[in-house]
Amino acid sequence: KLLLCFMCCTTVLSMWLSNTSTTAMVMPIVEAVLQELVNAEEEREVISTAGSTIIEENEPIGLSEKHGQPSLELIFINEDPTQAQILVLPPKPSELGLSTKYRYQTRHDHMVCKCLSLSISYAATIGGLTTIIGTSTSLIFLEHFNNHYPNAEVVNFGTWFLFSFPISLIMLVLTWFWMHWLFLGCNFRETCSVSKKKKTKREEMSERRIQEEYKKLGNVSYPEMVTGFFFILMTLLWFTREPGFVPGWSSFFEKKGYRTDATVSVFLGFLLFLIPAKKPCFGKREKDGEKSTDINTLDPIITWKDFQKTMPWEIVVLVGGGYALAAGCKTSGLSTWIGRQMLSLSSLPYWAVTLLACILVSLVTEFVSNPATITIFLPILCSMSETLLINPLYTLIPVTMCISFAVMLPVGNPPNAIVFSYGHCQIKDMVKAGLGVNLIGLAVVMVAINTWGIRLFQLNSFPEWAVVSNVTSQT
């Protein structure tokens, strides 16, 4: 149940934050809980009675400070101690080169650490699929699709969420079952039991640790309240832009460029540069004449320096390079040539063509970054769909999702690297667990695109907006 709760929380966070930020934020909390689980008194008693000789000769290197914990570095970002922000980094590589034989008191402890750590990376990937802003891969797809098919007003924040939210729920449950079976065994009857049982020492210590972490958050501050309000407002505006069943607020604007999802995010983000980070006093005098020096009254919630540090400029450059690559393929006739080579696939059913494309990108993305993979394959898949007269969305949406399933190797995506750096799992563990998650994702996405995806995006016919692009590319 603790595993499922961590996965659910990570998935929800990853819907709105980047997968890397979510994993980096959740993993220190998971590591703290694992410290309490591994070093509970029950396990210490077992070690003391069963292997006292081994402990004297080779003191076990566990996760706690008493047993040589791989230290988590604390870096104070701000020079001012009143505004210092603590950044928790993973253990140093030199501290992770220790033999795993003595790092854990029992094999079960090792399996628990593997299971929880890897599940955080997988849950972050699953959550990123849910929203169009969850991953850079989906953003690159949306931008390329809107530029390649300017008359297609099909994919937006709302339609993507309706399609991908059931996928995320199904994948989350199936991944939880897979990880539980792979590392913790098949005791699902005991796990899913709703009967009240007396809590063990490990459960009490882990619960206490989670409560301590929650208390450290403190009360909600004024900047957090403003940001939370803008977040809710932005989400509502995204959903109500073009709901489909009723006219949205985009109907008030005639020009297409004024009613995109980017309009909402840029406008509300610009307001955060104007709203002060300190709550206005409205003429009230400060108590005892004390002046607040921690935050300047005129400082906004977001400064330009903060924006420069957190803005993923590499994605902007990569997207621009993708546009240049797509334009070069179209101008040189490469896309038309590739499309003609794909005529041999016309004898296959449409679902088989999509399945082959998903398997291909799933293999490539394990060794190439996700943004680079989708940038390369988008022009090719568009030409293939137009040549075979397949609705481009029938191929592009599953491929976009499958590119995010780079979960088998540490180099696949940054969350994998973060989890791997904690030293609980080896590459063979990631390959074994990631292969199952890959197969689960591939199966769920294929079922989704052939069921509710067909009804949602009207995939039964070749659309008019794709016919115009097809004629243009061939001329």
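Along the sequence shown, residues carry numbers from 1. Values below: every heavy atom of this structure, side chains too, minus hydrogens, waters and symmetry copies.
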[atom1] of [X] to [atom2] of [Y]: how many Å apart, nearest 0.5 Å?
{"X": "His144", "Y": "Phe377", "atom1": "NE2", "atom2": "CZ", "answer": "13.5 Å"}
{"X": "Asn450", "Y": "Trp351", "atom1": "CG", "atom2": "CH2", "answer": "9.0 Å"}
{"X": "Asn391", "Y": "Phe457", "atom1": "CG", "atom2": "CZ", "answer": "10.0 Å"}

Do [X] and [Y] come within less than 4.5 Å of each other through their side chains, counting heavy atoms only?
{"X": "His110", "Y": "Lys114", "value": "yes"}
{"X": "Thr23", "Y": "Val419", "value": "yes"}
{"X": "Phe6", "Y": "Ile29", "value": "yes"}
{"X": "Trp176", "Y": "Leu172", "value": "no"}
{"X": "Phe405", "Y": "Leu442", "value": "no"}
{"X": "Val264", "Y": "Phe157", "value": "no"}

Practice task
Dump the intermediate steps for side-chain contact (heavy atoms from CB on, under 4.5 Å) on Glu31 and Leu34, then the final yes or no.
Solution key: CA-CA 5 Å; Glu31 184 73 10; Leu34 289 176; 4.3 Å; yes
Practice task
Just jot down the ring pair (Phe, Tyr, Trp, His ring centres under 6.0 Å) partners of Phe367, sequence neighbours excluded, or say none.
Solution key: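 Scan of Phe367 (ring pair (Phe, Tyr, Trp, His ring centres under 6.0 Å), adjacent residues dropped) gives none.
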Who pairs with [X] by side-chain hydrogen bond (donor to acceptor under 3.5 Å, both in side chains), at least two apart in sequence or on another chain?
{"X": "Thr125", "value": "none"}
{"X": "Ser121", "value": "Asn416"}
{"X": "Tyr350", "value": "none"}
{"X": "Ser138", "value": "Thr135"}

Practice task
Say whether, by atom type as modelled, one donor and one acceptor occur between the side chain of Thr131 and the main chain of Met15 under 3.5 angstrom.
Solution key: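 Pair found, side chain donor or acceptor close to backbone of Met15.
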Once side chain to side chain contact (heavy atoms under 4.5 Å, CB included) is applied, do any residues pair with [X], and if so which ones, sequence neighbours excluded?
{"X": "Thr227", "value": "Ile301"}
{"X": "Ser168", "value": "Ile126, Leu129, Thr130"}
{"X": "Met25", "value": "Leu13, Leu17"}
{"X": "Phe145", "value": "Phe141, Tyr149, Ala152, Val155, Leu393, Leu396, Trp465"}

Exercise for the section: Please report the C-alpha distance between Glu386 and His148 in whole Å, then the side-chain angles of each, then the deciding distance to 0.1 Å, and finally whether the side-chain contact (heavy atoms from CB on, under 4.5 Å) criterion is met. Expected result: CA-CA 12 Å; Glu386 294 168 4; His148 195 71; 3.2 Å; yes
Practice task
Could you list the residues that satisfy salt bridge (Lys or Arg N to Asp or Glu O under 4.0 Å) with Lys216, not counting sequence neighbours?
Solution key: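 By the salt bridge (Lys or Arg N to Asp or Glu O under 4.0 Å) rule, Lys216 matches Glu213.
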Identify every side-chain donor-acceptor pair in residues 357-365 under 3.5 Å, counting partners at least two apart or on other chains, and give the distances.
| residue | atom | partner | partner atom | Å |
| --- | --- | --- | --- | --- |
| Ser362 | OG | Cys358 | O | 2.7 |
| Thr365 | OG1 | Asn370 | OD1 | 2.6 |
| Thr365 | OG1 | Ile403 | O | 3.0 |

Exercise for the section: Please name the residue in the list Ser404, Ser136, Ser14 that meets the side chain to side chain donor-acceptor pair (under 3.5 Å) test with Asn19. Expected result: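 The residue from Ser404, Ser136, Ser14 that satisfies side chain to side chain donor-acceptor pair (under 3.5 Å) with Asn19 turns out to be Ser14.
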Practice task
Would you check, one step at a time, whether the test side-chain contact (heavy atoms from CB on, under 4.5 Å) holds for Asp429 with Gln426?
Solution key: CA-CA 5 Å; Asp429 300 319; Gln426 300 177 354; 3.8 Å; yes
Problem - Residues, nucleotides or ligands: over 12 heavy atoms within 6.0 Å of Trp452 CH2 - result: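 It does: Trp452 CH2 has more than 12 such atoms within range.
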Less than 3.5 Å apart, which donor and acceptor atoms pair up between the side chains of residues 218-225 and the rest of the protein, not counting sequence neighbours?
| residue | atom | partner | partner atom | Å |
| --- | --- | --- | --- | --- |
| Ser221 | OG | Glu224 | OE1 | 3.4 |
| Glu224 | OE1 | Ser221 | N | 3.0 |

